[in-house]
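We use all heavy atoms of the structure for the numbers below, so side chains are in, but hydrogens, waters and symmetry mates are not.
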Amino acid sequence: MLSLLEEGSFEIALSVPLVFEYEDALTRHVESGLFTLQDVGDFLDYLCGIGHRQNIFFLWRPFLQDPKDDMILELAFAAGCESIVTHNQRDFAGAERLGVKVHIPKEFLRLLEESP
């Protein structure tokens with residue numbers, strides 16, 4: 001998906017809380033040797049450089065069961081995103097009420113292939 005993102009096949013939306021969430025999740029793997037802190041910083045810099053930075057002025061909470069998932073749904077809605085791509089589709093049940101589709105990565109990639 002990252003290579004398709006770089007090609008411009010789709011765009012991502014970012015908010016400050018989401019970037020901090022990504023940083024937290026990725027730095028948990030530093031001790032295992034999967035990533036270095038430099039890797040994490042470089043990756044986040046890359047995402048921030050190509051992503052659409054979106055301010056969020058209205059919170060829909062509580063909408064989903066997990067507040068961290070609410071943060072992502074609010075970002076998608078505020079940025080006018082068509083889709084959220086996640087392996088946790090069940091966590092986003094109800095997102096369609098705000099006009100946001102939820103796809104697993106494999107399904108999203110197939111949709112990209114099919115689009116003109």
Side-chain angles (χ1 to χ4, degrees):
M1 287 189 67
L2 287 175
S3 63
L4 293 175
L5 178 61
E6 191 169 294
E7 292 174 6
S9 297
F10 65 97
E11 296 178 11
I12 61 168
L14 296 171
S15 64
V16 172
L18 182 59
V19 172
F20 284 134
E21 178 67 22
Y22 284 166
E23 180 180 42
D24 180 57
L26 291 170
T27 55
R28 282 185 246 145
H29 297 284
V30 168
E31 283 189 31
S32 70
L34 188 59
F35 304 115
T36 66
L37 285 176
Q38 183 68 46
D39 293 336
V40 172
D42 290 346
F43 180 69
L44 294 175
D45 287 347
Y46 169 74
L47 287 182
C48 290
I50 64 168
H52 168 76
R53 291 174 297 273
Q54 178 67 48
N55 290 321
I56 300 169
F57 298 102
F58 185 80
L59 303 180
W60 292 92
R61 298 173 194 194
F63 196 87
L64 304 172
Q65 292 182 359
D66 184 340
K68 289 183 179 179
D69 294 335
D70 273 332
M71 169 187 68
I72 294 168
L73 180 57
E74 290 162 354
L75 169 60
F77 181 79
C81 296
E82 294 178 18
S83 303
I84 293 172
V85 180
T86 178
H87 285 288
N88 301 316
Q89 282 184 302
R90 282 182 286 156
D91 293 346
F92 289 91
E96 66 282 350
R97 291 184 290 173
L98 293 180
V100 180
K101 299 172 190 154
V102 180
H103 301 286
I104 60 172
K106 181 179 178 179
E107 181 181 69
F108 183 74
L109 290 171
R110 185 174 34 80
L111 290 170
L112 287 177
E113 287 176 359
E114 294 171 358
S115 67

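- The same ILVMFWY cluster, assembled from side-chain heavy atoms under 4.5 Å apart, contains both Leu98 and Val102.
- The shortest non-hydrogen separation linking Ala13 to Leu18 is O-CD2, 4.0 Å.
- Put simply, Leu109 and Leu111 are part of two different groups of oily side chains (I, L, V, M, F, W, Y) that touch within less than 4.5 Å, one to the next.
- Hydrophobic clustering, with ILVMFWY side chains joined whenever heavy atoms are under 4.5 angstrom apart, keeps Phe57 apart from Phe63.
- Counting all heavy atoms, side chain and backbone alike, Thr86 lies closest to Asn88 at OG1-N, 3.0 Å.
- Between Leu75 and the choices Ile84, Asp70, Ile56, the side chain to side chain contact (heavy atoms under 4.5 Å, CB included) rule is met once, by Ile56.
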task: Determine, step by step, whether Leu34 and Asp39 satisfy the side-chain contact (heavy atoms from CB on, under 4.5 Å) criterion, reporting the C-alpha distance in whole Å, the side-chain angles of both residues, the deciding distance to 0.1 Å, and the verdict.
output: CA-CA 9 Å; Leu34 188 59; Asp39 293 336; over 6 Å; no

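- One finds the CG atom of Asp66 at 12.0 Å from the CG atom of Leu73 (value rounded to the nearest 0.5 Å).
- Residues Pro17 and Met71 come closest through the heavy atom pair CB-SD, 3.3 Å.
- The closest side-chain heavy-atom distance from Tyr22 to Leu14 is below 4.5 Å.
- Within a 6.0 Å radius of CD in Gln89, more than 12 heavy atoms belonging to other residues, nucleotides or ligands are found.
- Here the straight-line distance linking atom CD1 of Ile104 with atom CZ of Arg110 works out to 8.5 Å at 0.5 Å rounding.
- Both Leu44 and Val30 sit in one connected hydrophobic cluster of ILVMFWY residues. Membership requires side-chain heavy atoms under 4.5 Å apart, directly or through other members.
- Environment of CD in Glu114: crowded, with over 12 heavy atoms of neighbouring residues, nucleotides or ligands closer than 6.0 Å.
- Ring geometry for Phe10 against Phe108 counts as perpendicular: the plane angle is over 60°, on a 0 to 90° scale with 30° as the lower cut.
- Across every non-hydrogen atom of Arg53 and Cys48, the tightest pair is NH1-O, 2.7 Å.
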message: The test is side-chain contact (heavy atoms from CB on, under 4.5 Å); show your working for Leu4 and Met1 and say whether it passes.
response: CA-CA 5 Å; Leu4 293 175; Met1 287 189 67; 5.6 Å; no

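- Counting only distance, with no hydrogens or angles, the side chain of Glu82 and the backbone of Lys101 share no donor-acceptor pair below 3.5 Å.
- Note that CG of Leu37 is 11.0 Å distant from CG of Asp42, once rounded to the nearest 0.5 Å.
- Under the 4.5 Å side-chain contact rule for hydrophobic residues, Val19 and Tyr46 share a cluster.
- The minimum heavy-atom distance linking His52 with Ala79 is given by the pair CD2-CB, 4.1 Å.
- Between Phe35 and Phe43, the gap from one ring centroid to the other reaches at least 6.0 Å.
- Applying the side-chain hydrogen bond (donor to acceptor under 3.5 Å, both in side chains) test to pairs two or more places apart or on separate chains, none has a residue in residues 90-99.
- Few gaps surround CD on Glu107; more than 12 heavy atoms of other groups in view lie less than 6.0 Å from it.
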